[in-house]
Each structure stands twice: as C-alpha cells, then as structure tokens.
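Before any comments, here is the structure.
Computed from heavy atoms alone, side chains included, the values below leave out hydrogens, waters and symmetry copies.
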Amino acid sequence: MSGTVKDIVSKAELDNLRQSGAPIVLHFWASWCDASKQMDQVFSHLATDFPRAHFFRVEAEEHPEISEAYSVVAVPYFVFFKDGKTVDTLEGADPSSLANKVGKVAGSSTSAEPAAPASLGLAAGPTILETVKENAKASVQDRAQPVSTADGLKNRLEKLTNSQPVMLFMKGTPDEPRCGFSRKVVDILKEEKVDFGSFDILSDNEVREGLKKFSNWPTFPQLYCNGELLGGADIAIAMHESGELKDAFKDLGITTVGSKENQDEAGKGGGVSTGNTGLSETLRARLEGLVNSKPVMLFMKGRPEEPKCGFSGKVVEILNQEKIEFGSFDILLDDEVRQGLKVYSNWSSYPQLYVKGELMGGSDIVLEMQKSGELKKVLSEKGITGKQSLEDRLKALINSSEVMLFMKGSPEEPKCGFSSKVVKALRGENVNFGSFDILTDEEVRQGIKNFSNWPTFPQLYYKGELIGGCDIIMELSESGDLKATLSE
C-alpha cells in the first residue's frame with residue numbers, strides 16, 4: 001500500500017479496514033472544491049512519506065452514508081484512525097497540520113515540531129509548498145482577529161439569527177456556495193420558494209466559532225427560522241424530502257413567495273396574535289380541556305408510536321427516557337385545534353408540551369431542559385415523577401405492609417384454594433397483613449416470580465423477605481411457628 005491512495009466505495013469496506021488496527025488516514029473530498037484538489041496532491045505525497053499508514057479517499061457527496069457517519073459537513077476533511085479507533089480529525093486546507101497529524105498516527109513525527117515542507121514528500125512541487133505558506137499566513141491572521149466580549153458577541157448573534165424570518169449561515173453565498181452541503185440547503189430553500197437571508201461564516205471567524213456555542217450545533221450550514229435553530233443540512237434535506245419542511249414553515253408563520261396566504265397577511269401585520277382573544281368561547285373551552293386532560297400533555301404530529309415529524313419524535317423519545325407518562329393529541333387530524341392552539345398558547349410551532357395545563361415549550365426547549373437536568377427538576381416540583389422500574393415497583397409493593405400476601409383474589413374473595421388457606425391461617429393467628437391480587441396485574445404477576453425466584457402463588461413476605469408459599473405457611477401454622485416467624 002505504500003505510496004498509494006485508494007478510493008473507498010462503501011462504509012462496510014471502511015469498517016473492515018479499520019478492524020486491522022493499522023494507522024489509516026481518510027480524506028473526504030469533492031470534485032468541485034479546489035482546496036480538495038490541492039490537498040489531494042499533498043495527501044498523495046504523504047502516502048509516499050509514511051508507508052506504515054494506509055491512505056484512502058471518499059468523495060463526500062457520492063457516499064453520504066460514510067460522510068454522515070463521521071459528521072462531515074465541509075471538504076476537505078480528514079479522519080485519522082489507529083487501533084481501529086478514531087483518534088483525530090482535521091477540517092480545511094492545512095497541509096502542515098495534515099502532515100503533523102499523519103506523523104502522529106504513523107509514528108514518524110512528533111507534535112512538538114511543525115511539519116517542514118520537506119516532510120510533505122521529496123516530490124512536493126512549488127505549488128504545494130506555496131499552499132503551506134499561504135495557509136500558515138491565514139492561520140496567523142485568524143489567530144490575530146480581535147474577539148468581542150461574550151455578551152457583545154451573544155447580542156450580535158441574536159441580531160443576526162433574527163435578521164430575517166429564515167436565515168441561513170453557510171459557507172459562501174447563495175450565488176456561490178463554498179461547500180456542497182450549503183449548496184444543497186440553498187437549493188432546498190429555493191425549491192420551497194422561501195425568501196431567506198444568509199451569512200457567509202467564512203468571512204467572519206468570530207461569528208463562525210461563536211455560533212457553534214450559541215446554537216450548541218458544531219457544524220455548518222445552520223438554518224434558523226424566526227430566530228430558532230431548525231438544524232443543519234441533514235435535517236433540512238430529510239424534512240424537505242418528507243414534506244415536513246413546508247409544514248414547519250407554515251406552522252412558524254413563514255409563507256412561500258407569492259402565495260395567496262402571504263398576500264392576505266401583508267396588510268395584517270403577520271404572525272400569530274398574542275393571547276387568545278381571537279378564539280370563540282367554545283374553542284377556548286375545548287382547548288383548555290385538552291391541555292388539562294393529562295398532567296403531561298403533548299400536542300404533536302402523529303402518535304407517540306408513529307411520530308410524523310422528527311421534532312415530535314424527539315420529544316416523545318425524551319419523555320420516554322425520563323419515564324414520564326403522558327397523553328398526546330395528533331394535531332394533523334384536527335386543523336381547528338392545530339390553528340387554535342397557536343393562538344391559545346401564543347406558540348406558533350409544534351410539538352407543544354404542557355405540564356398541568358401550562359405550556360413548557362417546543363422540542364428545542366425540552367431538549368435543552370433535559371440536557372441541563374432542569375426537565376426532571378421542573379416535573380418533580382409539579383409533582384410529576386417518572387414511572388418506576390418494575391424492580392422498584394415490586395420492592396415498594398412487597399414493603400407496603402410488614403406482612404404482605406401476593407394472592408389470587410382478595411382476602412374477602414380468594415380466587416384459588418391455596419390463597420384461601422393462607423388467608424385463613426393468617427387470620428387464625430390474628431396477623432394483620434396487606435394483600436395484592438396478582439390476577440389484576442400481569443406485569444406484577446410475572447415479574448415477582450423472577451424477583452423472588454418463586455414460580456407459584458400465593459407468596460407471603462415479612463419485612464420484605466419471602467417466607468414461602470402455601471405449603472410452607474401451612475407447615476408453620478400446624479407446628480405453631482407461624483406467629484413467631486411473623487413477629488421476629
């Protein structure tokens with residue numbers, strides 16, 4: 001393999017190569033990108049200089065399954081593997097950094113010393129050496145850029161993200177995109193006939209780096225609607241293909257260019273009216289009933305078992321992770337509720353999550369609250385806790401009384417002779433006991449068999465410990481030891 005660069009054509013092929021444990025350097029490139037072509041020359045020379053490493057190329061847009069697996073959103077992009085694991089990455093045309101990182105994984109260079117032009121291969125021509133120098137200068141210029149205060153930058157980013165109803169932060173401009181992913185999102189917005197503003201993050205490194213933290217989204221492009229992050233290229237593409245993007249724009253009050261709805265709203269000030277003054281008494285009463293129908297209520301697209309949009313699916317996933325029981329309403333089935341709830345809550349998009357009748361927010365807020373731990377705290381303060389695991393539930397049941405009998409039926413109406421015998425034995429000794437009818441709950445019935453490692457019923461517990469079934473209880477009763485056993 002020394003001195004050669006091979007093209008990867010499938011993720012399976014790459015996975016098999018990684019299993020060898022050998023050092024691997026992977027170059028994601030695009031035929032339309034000049035920087036990719038220049039770095040490909042450097043890449044070929046490095047393959048000669050570092051024969052212990054294996055060098056592979058992936059055309060990023062031709063193999064999206066590989067690009068997505070390694071979160072590639074711009075080219076050129078390099079991934080470094082050692083012992084089957086990803087150990088480093090590099091984005092952009094930086095030959096010197098590429099040589100250093102290759103040296104690290106191949107064991108032929110140290111990170112303490114920058115790679116000299118000679119390390120790029122004896123055959124490196126003046127074009128490549130000049131590229132190294134130019135990138136070195138660019139790096140110095142980037143580092144020399146002044147940095148605003150945190151508050152100043154945050155205010156600037158807030159103004160930028162809200163400068164247009166639909167705002168795209170991209171590499172390049174809509175007329176001249178500088179990466180394929182930015183180009184795809186531009187094409188999608190044009191197909192959707194949506195007016196949008198844009199910002200070239202390549203022209204301002206402060207915005208480029210600051211926006212990653214501001215939005216908690218590390219890659220570009222980034223698409224914002226009414227100041228809220230919708231997502232990157234993958235989300236925009238998926239939503240466009242499924243038709244969800246058009247619905248999302250509609251829910252956010254963003255209409256297509258030249259549409260009748262847009263013309264009708266032109267003289268009204270647009271947007272959703274605040275409060276719920278535009279609702280009829282009947283509809284307001286209906287909405288109040290719906291948002292209060294469960295302690296936790298999710299208005300979503302689709303059902304929890306079959307969400308019809310990714311944002312609804314994400315909130316369902318979060319609630320399930322938190323083990324929260326919730327009700328749901330499919331707004332796609334009732335346009336009166338769908339449109340009315342926007343006015344009622346003054347919240348223009350879906351999903352909407354309500355807790356005890358109060359709006360908590362949409363998918364972005366719920367996700368942020370889960371990450372920070374605030375979601376669990378807020379729900380707990382409102383008296384809503386996650387569902388117990390089966391083991392915790394069984395422990396709670398077993399310890400709910402000092403003497404606890406799991407039986408078929410109730411003490412007043414036993415549903416089997418063995419349960420009836422144990423009830424009579426306990427009452428004969430004047431023992432106070434609690435009971436649980438296992439015929440009313442199949443989960444408890446099956447779960448407690450495994451929990452106690454006892455396959456039959458009834459089962460008698462004392463202070464959380466299993467005493468036994470009918471045979472053992474009858475033996476203790478006949479020997480006169482039952483009262484003593486349940487009094488220790």
Note to self: Asp187: which residues meet the salt bridge (charged side-chain N to carboxylate O under 4.0 Å, His left out) condition with it, sequence neighbours left out?
What the structure shows: none
Next item on the list: Please check if atom NZ in Lys449 has more than 12 non-hydrogen atoms from other residues, nucleotides or ligands closer than 6.0 Å.
Entry: yes
Next item on the list: Please say which of His63, His27, Arg57 ends up in a side-chain hydrogen bond (donor to acceptor under 3.5 Å, both in side chains) with Asp7.
Entry: Arg57
Note to self: Under 4.0 Å between a side-chain nitrogen and a carboxylate oxygen: does that hold for Arg445 and Asp441?
What the structure shows: no
Next item on the list: Report yes or no: does Gln222 contribute a side-chain atom to a donor-acceptor pair with the main-chain N or O of Thr219 at less than 3.5 Å?
Entry: yes
Notebook entry, point to check: Do Trp29 and Val58 have side chains that get closer than 4.5 Å, going by heavy atoms?
Noted result: no
Notebook entry, point to check: Is the Tyr354-Phe326 ring centre distance short of 6.0 angstrom?
Noted result: no
Next item on the list: Determine the interplanar angle of the Phe169 and Phe199 rings, folded into 0 to 90°, and report it as parallel if under 30°, tilted if 30 to 60°, perpendicular if over 60°.
Entry: tilted
Check: So, are Lys308 and Glu244 salt-bridged, with charged N and O less than 4.0 Å apart?
Finding: no
Next item on the list: Go through the steps for Trp217 and Leu229 under the test side-chain contact (heavy atoms from CB on, under 4.5 Å), then give the verdict.
Entry: CA-CA 9 Å; Trp217 194 274; Leu229 177 68; 3.7 Å; yes
Note to self: One thing to verify: whether Glu478 and Lys421 come together as a salt bridge, which I'm taking to mean a side-chain N less than 4.0 angstrom from a carboxylate O.
What the structure shows: no
Item checked: Contacts of type salt bridge (charged side-chain N to carboxylate O under 4.0 Å, His left out), residue Glu209, not counting sequence neighbours -> Lys212
Notebook entry, point to check: Going by heavy atoms in the side chains, are Pro411 and Arg427 under 4.5 Å from each other?
Noted result: yes
Check: Which residues pass the salt bridge (charged side-chain N to carboxylate O under 4.0 Å, His left out) test with Lys376, sequence neighbours left out?
Finding: Glu322
Check: Is it true that Glu206 and Arg156 make a salt bridge, defined as a side-chain N closer than 4.0 Å to a carboxylate O?
Finding: yes
Item checked: Stepwise salt bridge (charged side-chain N to carboxylate O under 4.0 Å, His left out) check, Arg286 with Asp334 -> CA-CA 12 Å; Arg286 185 184 177 205; Asp334 193 318; 2.7 Å; yes
Next item on the list: Could you check if a side-chain atom of Leu466 sits within less than 4.5 angstrom of a side-chain atom of Asn453, using non-hydrogen atoms only?
Entry: no
Margin query: Taking Met474's backbone N and O only, do any of them form a donor-acceptor pair with Ser477's side chain (distance below 3.5 Å, no angle check)?
Written below: no
Checklist line | Asn16 atom CG: more than 12 heavy-atom contacts under 6.0 Å | finding: yes
Check: Backbone N or O of Trp347 within a donor-acceptor pair of the Gln352 side chain at under 3.5 Å?
Finding: yes
